[in-house]
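Working notes, structure below.
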Amino acid sequence: MSPAKIVLLVIYVVLGALAVLQGGTPTGQWSLNILLILAGVHLIECAIFFRVVRAAGGSLAQHLLNVFLFGVIHVNEVRQQG
């Protein structure tokens with residue numbers, strides 16, 4: 001796993017922890033809003049890059065999960081491999 005993906009996972013964990021542990025505070029609400037915005041953006045990326053990851057071979061579900069979590073970072077890795 002690339003360092004960029006690890007950093008993104010850490011950011012997601014921190015935002016998720018803040019959203020849960022600080023639920024009624026502005027910090028918790030901001031964290032939740034950021035996570036929801038990121039989820040929406042990554043869903044759009046899944047639709048946009050569907051053809052790219054389908055043509056990449058391997059597990060389509062795994063590629064789509066990676067695009068949902070990491071977006072353009074994963075797509076760039078797929079393009080570099082093939």
Side-chain angles (χ1 to χ4, degrees):
M1 183 177 290
S2 71
K5 287 182 176 181
I6 293 170
V7 169
L8 282 175
L9 285 177
V10 169
I11 290 170
Y12 294 150
V13 168
V14 169
L15 287 171
L18 285 172
V20 171
L21 298 175
Q22 302 289 321
T25 66
T27 302
Q29 190 60 46
W30 273 99
S31 298
L32 181 60
N33 289 342
I34 291 170
L35 283 172
L36 292 173
I37 290 168
L38 287 172
V41 168
H42 287 298
L43 280 174
I44 293 168
E45 285 179 329
C46 285
I48 291 171
F49 295 119
F50 182 80
R51 289 184 184 145
V52 173
V53 296
R54 184 174 58 184
S59 171
L60 179 60
Q62 185 177 5
H63 280 305
L64 288 174
L65 176 63
N66 279 308
V67 172
F68 180 73
L69 291 174
F70 308 115
V72 176
I73 294 171
H74 182 69
V75 172
N76 287 338
E77 289 178 359
V78 167
R79 287 180 175 162
Q80 287 176 355
Q81 290 174 358

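For this chain, numbers begin at 1 and follow the sequence in order.
- Put simply, CG on L35 and CG on L15 are 4.5 Å apart, with the number rounded to the nearest 0.5 Å.
- The CG atom of L64 sits 4.5 Å away from the CG atom of L60 when rounded to the nearest 0.5 Å.
- Scanning all heavy atoms of the two residues, the minimum distance from A39 to F68 falls at O-CE1, 3.6 Å.
- To the nearest 0.5 Å, atom NZ of residue K5 and atom CG of residue L69 are 9.0 Å apart.
- The two residues A56 and V78 come nearest to each other via the heavy atoms CB-CG1, 3.3 Å.
- Nearest heavy atoms, A4 versus I73: CB-CD1, 4.0 Å.
- In this structure, L65 is a member of the same hydrophobic cluster as V7, with clusters built from ILVMFWY side-chain heavy atoms closer than 4.5 Å.
- Nearest heavy-atom pair, E77 versus S2, reported as atom, atom and distance to 0.1 Å: OE2-OG, 3.2 Å.
- No donor-acceptor contact under 3.5 angstrom links the side chains of Q80 and N76, judged on distance only.
- The stretch residues 18-63 participates, sequence neighbours left out, in these ring pair (Phe, Tyr, Trp, His ring centres under 6.0 Å) pairs: H63-H74.
- We find the CD1-CD1 distance between I6 and I11 to be 12.5 Å, quoted to the nearest 0.5 Å.
- Linking ILVMFWY side-chain heavy atoms closer than 4.5 Å, directly or via other members, places V14 and L21 in two distinct hydrophobic clusters.
- Using a 4.5 Å cut-off between side-chain heavy atoms of Ile, Leu, Val, Met, Phe, Trp and Tyr, with links allowed through other members, V53 and I48 fall into the same hydrophobic cluster.
- Residues A19 and S31 approach most closely at N-CB, 3.9 Å, considering heavy atoms.
- When the side chains of ILVMFWY residues are joined at heavy-atom separations under 4.5 Å, either directly or via intervening members, I34 and L9 end up in a single hydrophobic cluster.
- Each of L36 and L8 belongs to its own hydrophobic cluster when Ile, Leu, Val, Met, Phe, Trp and Tyr are linked at side-chain heavy-atom distances under 4.5 angstrom.
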